[in-house]
Enquirer: 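Take a look at the following structure, please.
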Amino acid sequence: MITLSNLERFYTNASQKTYVLRDLSLKIEEGEFVTIMGPSGAGKSTLLNIIGMLDQPDRGEYHFFDEPVHKLKEKKRQELHKYYMGFVFQAYYLIDELTVYENIETPLLYRKVKRSERQSRIADILDRFQIVAKKDLFPHQLSGGQQQLVGVARAIVGNPKLLLADEPTGNLHSSQGEVIMDLFRQLHRDGMTIVQVTHNEKYAQYGTRVVELEDGFVRQDVAL
Amino acid sequence: MLTNYLKMALRNLLRQRGYSLINILGLSVGLTVSLLILLWVQDELKIDRFHAGGDRLYRILANLPGETGVSTWETTPYPLLDYLPENYPEIEDIGAYDPTNQKEFKIDDRGYLADGIFATAGFFRLLSFPVLEGDGADLFAQPNSVAISSDLAGKLFGNGWQGKAVGKSVTINGRPDYRISGVFADVPAHSSLDFDFVLSLDEQHPPDMNGFPWGNFDSRILLKVGKEADAAVLAEKMKKAVSENNEYAEDLDLILQPFERMYLHGAFENGREAGGRIEYVRLFGLAAAFLMLIACINFMNLATARASRRAKEVGVRKTVGAGRGALVAQFLLEAALVSAISLTLAVVLSRSLLPFFQELSGKELAIDLSSWELWGLIAVVGLLTALVAGSYPAFFLSSFRIANVIKGDRSSQFGGSQLRRGLVVFQFALSTLLVVSALVVRSQVDFIRNKHLGLNKENVLYFRTPPGASEDLETFRTELLRIPGVQRVTYADANPLSIGSQTGDPKWEGMAPDDGLLFHVMIADEYFLQTMEIPLADGRDFSPLLSIDSMSFLINETAARAMKLDDPLGRRLEFWGVSGPIVGVVKDFHLSSLHTSISPLIIANMPSETGMSLLRIEPGRTDEVLAATRKLFGAFAQGHPFRYDFLDDRYLEMYRSEQRTSALSKWFALVALFISCLGLLGLSAFIAEQKTKEIGIRKVLGASVFQITAMLSREFLKLVLLSLFIALPLGWYLMDRWLEDFAYRVNVPWWAFVLAGSLALTLAIFTVSFQSIKAALTDPVKSLKRE
Ligand SMILES: Nc1ncnc2c1ncn2[C@@H]1O[C@H](COP(=O)(O)OP(=O)(O)O)[C@@H](O)[C@H]1O
Ligand SMILES: [Mg+2]
């Protein structure tokens, strides 16, 4: 599904290049549940953003199925991103001015899904995540765990092939974190490919493979 | 999608009530003024546009080269009416008109005053003034025919005038033998020609009346070119039509002007169109656009200043699949919502301000909510506002890179602050410019109003001398002087502040052969100087006691200089077939508009040729005198209506457009300043909010309220100072050019610049420090805890 070969990503600061990713190669198959670990500043978020097509590598190749992403035009990349990817963030990133229902609805609007279809899909997901009662509340009226549930719901409501999660449990205490991880496991069992970043050894065990990043290299790549 | 955006926009508006209020208030005030001005402009542009085939209608003008350049006359010789169609087949039709005085229409004992024109039958064929009753094609077939408007018909014959008016006799100005030949529909409001009756122009020109009709320029001629014809080619061909028939008019060229341009482009300079009312349309249009821009800048500035708040949302939307286009659309929609709300308020506001604006602009306007034109205008203005105000923020906000936004608020990247500063400077420069202009225009208008004109224009009543008095002017004068409150009476041929007649004819003793001069000529009696309080510079006044004064002249100082006479007294002067000595030189007084310099003047002592009575009245007794004069006039009137005027009123009337500009520019300036300050209020509130933490820390470290206020205000005041630096010199330059149009003008008043500058600065300081002090007074512990 994802083939990264010899990726480089660097920032030029005062005419000095700082590498975030150097010569990174990685293959991820459909149906995998990959956990990326590593110290802070290792380049995990950068890698996730590149996979999610929110950021571009400075060198190297990225194939998504058969598409050479590194060669694609911005517009086409955006299309791929829109239809294949779902994102979950550490800080939830819900839109403050929209209700739970409306937040979940947003990706469907950008995908031009019909109204009736939207309603049934959102109803399904609210049901599945047991947040039906919260649908008319605004984000600031929810606890962190509930907000992240909405974040996950929003990420998957468009039926993406790939779920990218950058420290989804980083702001949650453990019981809330486990709820999210149980959800991920369920999604994985239903066939979703997942790439997550976490610092938590226990949550890494939910996946099928752990990739350890350090200074922009893959230091270790273990199947569980 | 739309509902999602709208919900979002509304919630944003409500959440940030203060900023929304500033935006909406600024925009609605700006839109109100713009809307009113646009209504006025729209109305101006509609004038004379309703005639069928109007695009093929032209009027003929005559260009005559002279010493001071080409002068353009609106009137041309009457025989062109036959000559042109005979020689130029591309002319489809031709007609002429000539305005005439107000006349009194009388049936039985009821008399009504009406304005009217002379015209040929072609006039009604060319212009769409529908004839309701009577033979439209041949209104003037019978002698002494008159066509009247349905309004006048209603006055004369009552509401059911239909079928009763045509064929009836009517007395006009005491002459009983007129016959009503037709009734035409009331002249629509959008016609620059306005008249309630039409008399035959042909009758004014019987074939044998004038020995040489080609020398008489007295008809305003309109023509319509054929559908296939090229007006430019025709104009070139018929250029010499007058000179071909009049050897004295060798240099004279005829030109054509599209009839639809007559109203707005009525001024000619050097034989070419040189503006006219269109200049006011442009000026006010520009001012309205400026106001809108200033209001839109508020929106832009507040939107971009607050961008960091929206950045997260932009990032999130991009990660869930929003393309740039969708984001631009969203932000534009937000701008459209604000503009729609403001526009609604503006419509309400302008409706309530309409009476005030009508008075200001001197025009009957309506805000007719059922007219699609109005809605079209509103839609255009609304869209334009949304685009101007929304575009920049939309593109700015939608350009945020997701990766950066999501990585955390590096607020420095949400810049645009340089542009914001630029826009604030622009706003204030523009507002200050408007204030300066308003003040300078105002001081020139005051100058005009109070200028000593060389004669005393206050308390002078004048009117046409009644026909019954012209036989025995002395009796009439004696009767007038008997009225308590009348101090002096003089007869003259014109309003001395707007003398029309000019001649290059005069020859004088001691004149060099080539010294031909153009003189204004005023005809008056022996009491003219005393009544008008015009002082003598040399010699003596006309004397009623000296019979040698049967023919004598006074000249003004300018004339004496121009004639190069050191001792003009006693020299003989000859023109228009009369001659006599120059008995005195009067001090210069203003003969016409202050736009032009005083020209040479001859005052001729010919009481019998005057036609106008001028009365100096004791101050405060106007009403009394007026009533008595009206009564006396009646005894001499022979059916003529009593129409009077006051010299000072007429004088101010000549500067009506300047006065209007003055009144309007005052409002423009105030509104512009108001909106700019609103923007400043919003921006300073934002900065104060952004710096809450810094303020808290500084206070904990011991900064005083004053120090913090100064810190927050300094930045803005620098900008306002910079804008003054731009606006004041520019204002000086522009207003100096405006004043150049006046031969008599104030110097560009320095105090206007001091006043405008300090006004802008004071308001800015007040606005900014209001926010800053509020911020400085907040409890530091609270603001730090919140962080
Ligand atoms: N826009 C940027 N400019 C400069 N350096 C950056 C930028 N974005 C990220 N970095 C740097 O790249 C490195 C990797 O960042 P990141 O991928 O966020 O690490 P991680 O998620 O593993 O903690 C960090 O050292 C960070 O400072
Ligand atoms: Mg990270």
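Both backbone and side-chain heavy atoms feed into the values below; hydrogens, waters and symmetry mates do not. We name chains A, B, ... by the order of the sequence lines, and we start the count at 1 in each one.
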Enquirer: Look up atom NZ in B:Lys7 and atom CG in A:Leu98, then write down how far apart they are to the nearest 0.5 Å.
Expert: 8.0 Å
Enquirer: How far apart are the closest heavy atoms of B:Val316 and A:Arg154, and which atoms are they?
Expert: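 That would be CG1-NH1, 3.2 Å.
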Enquirer: Which heavy atom of B:Arg317 sits nearest a heavy atom of A:Thr106, and at what distance?
Expert: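 Reported closest heavy-atom pair: NH1-CG2, 3.6 Å.
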Enquirer: Distance check, rounded to the nearest 0.5 Å: A:Tyr93 atom OH versus B:Thr319 atom OG1?
Expert: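 Going from OH on A:Tyr93 over to OG1 on B:Thr319, the span is 9.5 Å.
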Enquirer: Hey, is B:Arg15 close enough to A:Asp96 for a salt bridge, meaning N to O under 4.0 Å?
Expert: no
Enquirer: Can you confirm whether A:Tyr83 is buried at OH, in the sense that more than 12 heavy atoms of other residues, nucleotides or ligands lie under 6.0 Å from that atom?
Expert: yes
Enquirer: Determine whether more than 12 heavy atoms belonging to other residues, nucleotides or ligands lie under 6.0 Å from atom CZ of A:Phe129.
Expert: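 Yes.
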Enquirer: Where is the tightest heavy-atom contact between A:Arg111 and B:Val320, given as atom of each residue plus distance?
Expert: NH1-O, 3.8 Å
Enquirer: Might you confirm whether atom OH of A:Tyr84 has over 12 heavy atoms from other residues, nucleotides or ligands at distances under 6.0 Å?
Expert: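 At most 12 heavy atoms, drawn from other residues, nucleotides or ligands, come within 6.0 Å of this atom.
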Enquirer: Sort A:Phe138 into side chain, backbone, both or neither according to what part of it lies under 4.5 angstrom from a heavy atom of chain B.
Expert: side chain
Enquirer: What part of A:Glu105 lies closer than 4.5 angstrom to a heavy atom of chain B: side chain, backbone, both or neither?
Expert: side chain
Enquirer: Considering non-hydrogen atoms only, spot the tightest contact between A:Tyr110 and B:Gly321 and give its length.
Expert: CB-O, 3.7 Å
Enquirer: Please report the interatomic distance CZ(B:Arg324) to CD(A:Gln78), rounded to the nearest 0.5 Å.
Expert: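 The distance works out to 10.0 Å.
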Enquirer: Starting at CD of A:Glu97, measure out to CZ of B:Arg310 and round the result to the nearest 0.5 Å.
Expert: 6.5 Å
Enquirer: So do the side chains of A:Ile95 and B:Lys312 get within less than 4.5 Å of each other, counting heavy atoms only?
Expert: no
Enquirer: Is A:Leu94 in contact with chain B via its backbone, its side chain, both, or neither, using a 4.5 Å heavy-atom distance?
Expert: backbone
Enquirer: Does this structure show an ion pair linking A:Glu102 with B:Arg11, if we count only N-O contacts that are shorter than 4.0 Å?
Expert: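 Salt bridge: yes.
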